[in-house]
A.B. asks: 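The structure that follows is given in the form of structure tokens.
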Amino acid sequence: MSFPFDRATQAEAAHSALDLAHTWFGEAGLRPYRLDAGHARSVTGGAAAEAALQRALRTAVDPLGVMAAGRYA
């Protein structure tokens with residue numbers, strides 16, 4: 001979802017709204033299919049088993065850790 005805002009005067013409010021949207025959707029059990037780097041840990045780190053599975057999949061697919069290094073580590 002995207003919405004227009006004035007970066008000079010509304011950036012803080014827009015980021016707060018995005019954080020709240022991630023929280024509400026996560027609480028409803030809805031996971032986004034694509035995350036920005038700022039929310040990757042907050043959404044995926046909530047469940048230890050889910051985070052462990054993601055690490056295992058990443059290791060299997062990219063054992064050297066060269067793809068998107070640091071983003072989903």
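Position 1 is the first residue of the sequence, and the numbers go up from there. Since the structure is predicted, the reported quantities are computational estimates derived from the model, not experimental observations.
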A.B. asks: Please check: side-chain N/O of R58 versus main-chain N/O of P63, any donor-acceptor pairing under 3.5 Å?
C.D. replies: no
A.B. asks: Tell me if a side-chain donor or acceptor on D62 pairs with a main-chain N or O of V66 at a distance below 3.5 Å.
C.D. replies: yes
A.B. asks: Report whether L64 and M67 are members of the same hydrophobic cluster (ILVMFWY, side-chain heavy atoms less than 4.5 Å apart, transitive linking).
C.D. replies: yes
A.B. asks: Could you grab the distance from atom NE2 of H15 to atom CZ of F5, nearest 0.5 Å is fine?
C.D. replies: 5.0 Å
A.B. asks: Are more than 12 heavy atoms, taken from residues, nucleotides or ligands other than F25, located less than 6.0 Å from that residue's CZ atom?
C.D. replies: no
